[in-house]
Amino acid sequence: MATDNEVQFHSAFDRSGLKNTIRQSIEHIKMLYQSDSIPWVIGYSGGKDSTAILQLIWYALQELQQEKKCGKKVHVISTDTLVENPIVAMWVGKSLERMKEQANEQKLPIVPHRLTPAVKDRFWVNLIGKGYPAPRYKFRWCTDRLKISPSNTFIQNMADKSGEAILVLGTRKAESTARAASMDRFENSASNTRKALGLTENGSLERVWVYTPIASWSNDDVWVYLNSVENPWNFPNQDLMGMYQGATDGGECPLVVDKSTQSCGDSRFGCYVCTMVSEDKSMNAMISNDEEKEWMYPLVALRNEIEVNDANRSKKIEKLTRDKANRDFRRMNGNLTVHISKHGADLVPGPYIQSFREHLLGKVLEAQQAVQQLGPAEVKDLELLPLEDLEEIRRIWLDEKHEVEDSVPKIYEKILKRTYPGKKRAHHPILNLDVLTKLKSHCEKEGDEDGLLYQQMCAVLSIANKHRNQLRRAKLSEELAKTLDKGAFNNLFEAKKFALERERHRLQIQLNNSPNLSDDDKKTINDKIIMVTKSIKEQGYSSMIIDFEEVQDDN
């Protein structure tokens with residue numbers, strides 16, 4: 001019986017055979033291509049499914065070119081998150097280069113594009129710069145920024161220019177029951193006016209139609225096709241299968257003949273820092289299957305710095321405790337947020353604190369250096385943090401977080417042992433290392449163990465410095481007031497006590513001034529009041545696992 005994550009499908013080649021089925025697919029592609037002037041955009045990840053659909057379309061365009069009917073461009077887009085598994089990223093990069101060469105040589109209107117996130121949306125800029133905690137199920141901030149936004153922007157721009165666009169994807173119903181249900185829903189939608197052409201609606205993009213040439217193919221069908229038909233842009237499909245094989249535990253990658261046989265399709269390539277899973281199985285398998293790939297270990301270590309998943313309960317508590325210690329007790333905008341569960345009441349941790357962000361910056365630069373030194377020639381120039389990312393992190397720390405120490409150049413030079421190539425910062429008579437060191441020492445003598453007073457005074461100095469040459473200083477008082485409010489507490493316990501007492505007071509008012517509450521509602525509120533009262537006495541964060549709801553906060 002199929003599980004929720006798999007669907008049992010017969011081969012799409014059973015009825016007509018491989019050759020006839022491929023012929024029918026190519027004829028349908030040619031018909032659809034010639035039916036209108038709507039531009040095509042193919043989503044290409046470098047994996048088996050997207051390779052299969054591109055291969056089908058490439059062969060169809062070759063025939064149309066011979067028939068002198070190859071008129072409109074077909075755009076191939078691949079989104080590089082810049083934190084991809086480097087083996088896969090290099091594979092995709094080389095593949096796109098080969099496509100461009102072969103498309104020109106074969107005189108085909110195929111245009112490859114490598115898309116990347118805007119600097120402000122990149123992973124390390126948000127995590128190290130802004131302090132966003134590592135993505136997790138209730139705060140999955142990465143997917144939209146890194147993958148969806150770059151591709152959707154490209155596709156929507158294409159649709160805006162041409163009125164419509166056709167997005168070609170390698171999605172298959174056999175991937176999972178959820179995938180099959182979703183595809184069937186869009187296919188059979190009452191508003192799908194292009195069903196007869198084999199198109200479906202897009203759930204998020206306006207005037208964009210979706211075409212899935214291999215929707216009914218099984219996992220094996222894809223591999224049979226790729227191993228039976230030569231790659232038309234001269235990039236061996238056998239090498240692709242080898243990459244999947246290397247990413248499978250034990251290096252096994254047979255074609256599936258029954259449910260007990262493991263498949264190459266079980267390999268999932270993703271970001272080397274992905275914290276949405278407990279383990280990056282594909283990357284770990286690549287390393288264990290091939291000693292020459294051990295240079296990727298530093299990337300695995302980076303993920304271990306920030307992930308909090310673990311099947312072992314005690315280890316998970318340990319990781320959560322470590323994670324909370326690395327995060328501010330205030331949210332990004334300075335607010336205190338209380339979460340109440342059956343385990344206790346506590347503050348929801350906010351962004352990573354300054355010292356941990358500085359620590360992470362050093363670790364990423366160390367990993368970059370290690371990969372360049374240990375890896376093959378192809379990664380000798382690999383930059384996990386290019387200069388534009390470093391400069392954006394630096395800007396965020398200086399301008400938004402008012403961390404006047406300007407630590408980015410210092411950490412860069414300490415780790416890489418060379419001069420920081422970014423912009424030179426003018427010397428300031430107050431905001432310099434000597435004065436800041438004395439200020440920090442003074443605050444520590446005044447009992448500022450957590451550094452909160454020092455942070456507040458630095459922020460005030462930074463805000464005053466920002467406005468010093470402005471004729472109108474309308475926002476000066478507003479920014480100062482916001483900073484002073486954020487630094488209203490001397491330590492975590494003081495802030496937690498204030499927030500919990502405020503929440504208890506709010507619950508008490510709700511209980512006393514809501515005459516229409518049911519008995520169940522009254523009991524729920526009473527239970528919360530009891531839990532809050534109990535938790536007020538705890539020092540620091542609760543020692544229990546609290547499954548708090550993390551809310552994205554860009555403020």
Side-chain angles (χ1 to χ4, degrees), residues 2-13 21-22 24-26 28-29 32-33 38 40-58 60 74-79 81 84 88 92 95 115 143-144 146-152 154-156 158-159 165-189 191-192 194-195 197-206 208-226 237 240 244 256 263-270 276 282:
T3 68
D4 289 341
N5 294 321
E6 62 178 338
V7 182
Q8 298 303 316
F9 271 78
H10 295 294
S11 170
F13 307 147
T21 302
I22 299 308
Q24 292 166 11
S25 296
I26 290 176
H28 185 270
I29 290 169
L32 186 61
Y33 177 87
I38 301 174
W40 284 22
V41 180
I42 303 175
Y44 176 75
S45 67
K48 66 184 193 308
D49 297 331
S50 60
T51 299
I53 61 167
L54 179 54
Q55 193 163 291
L56 286 169
I57 292 170
W58 195 292
V74 173
H75 300 273
V76 179
I77 62 171
S78 181
T79 303
T81 64
E84 299 285 340
V88 180
V92 174
S95 184
L115 309 179
T143 306
D144 282 347
L146 302 184
K147 279 190 171 292
I148 296 176
S149 181
S151 57
N152 279 10
F154 182 95
I155 297 163
Q156 194 64 67
M158 193 65 62
I166 292 177
L167 174 61
V168 190
L169 298 175
T171 49
R172 297 179 294 105
K173 294 181 181 180
E175 292 179 64
S176 69
T177 53
R179 174 73 75 185
S182 176
M183 293 177 72
D184 286 338
R185 184 173 70 254
F186 284 112
E187 181 181 339
N188 298 312
S189 168
S191 56
N192 181 14
R194 305 287 181 90
K195 182 177 179 179
L197 290 172
L199 301 178
T200 63
E201 296 175 304
N202 185 286
S204 57
L205 295 171
E206 295 181 1
V208 175
W209 299 94
V210 176
Y211 178 38
T212 53
I214 61 171
S216 62
W217 288 24
S218 70
N219 189 66
D220 280 355
D221 290 341
V222 178
W223 284 121
V224 168
Y225 171 63
L226 293 178
N237 290 333
L240 175 63
Y244 271 84
V256 176
S263 166
C264 285
D266 291 334
S267 300
R268 287 293 182 267
F269 303 116
M276 301 302 298
S282 66

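At least one side-chain heavy atom of Leu199 sits less than 4.5 Å from a side-chain heavy atom of Leu32. A heavy-atom distance below 4.5 Å is found between the side chains of Glu201 and Trp209. Side-chain contact between Thr200 and Thr212 is absent, with no heavy-atom pair separated by less than 4.5 Å. In this structure, the side chains of Asn188 and Lys195 come closer than 4.5 Å at one or more pairs of heavy atoms. Residues Tyr211 and His28 are in side-chain contact: their nearest non-hydrogen atoms beyond the backbone lie under 4.5 Å apart. With a 4.5 Å cut-off on side-chain heavy atoms, Lys173 and Asp184 count as touching. Side-chain contact between Met183 and Val210 is absent, with no heavy-atom pair separated by less than 4.5 Å.
Side chain to side chain, Ser45 and Ser50 meet the donor-acceptor criterion of an N or O pair below 3.5 Å.
Results of the side-chain contact (heavy atoms from CB on, under 4.5 Å) test with Asn152 over Thr79, Leu205, Leu167, Asp144 single out Leu205 as the only residue that passes.
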Is there a side chain to side chain contact (heavy atoms under 4.5 Å, CB included) between Asn237 and Gln55? Walk through the geometry before answering. CA-CA 10 Å; Asn237 290 333; Gln55 193 163 291; 3.1 Å; yes
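Aromatic ring orientation, Phe13 versus Trp217: perpendicular (interplanar angle above 60°, classes split at 30° and 60°).
Residues forming a side-chain hydrogen bond (donor to acceptor under 3.5 Å, both in side chains) with Ser25 (at least two apart in sequence, or on another chain): none. Under the side chain to side chain contact (heavy atoms under 4.5 Å, CB included) criterion, Asp49 pairs with Arg172, Ile214, Val222, sequence neighbours left out. Judged as a side chain to side chain contact (heavy atoms under 4.5 Å, CB included), and not counting sequence neighbours, the contacts of Ser78 are Tyr44, Val92, Leu96.
Taking 4.0 Å as the cut-off between side-chain N and carboxylate O, Glu84 and Lys147 count as a salt-bridged pair.
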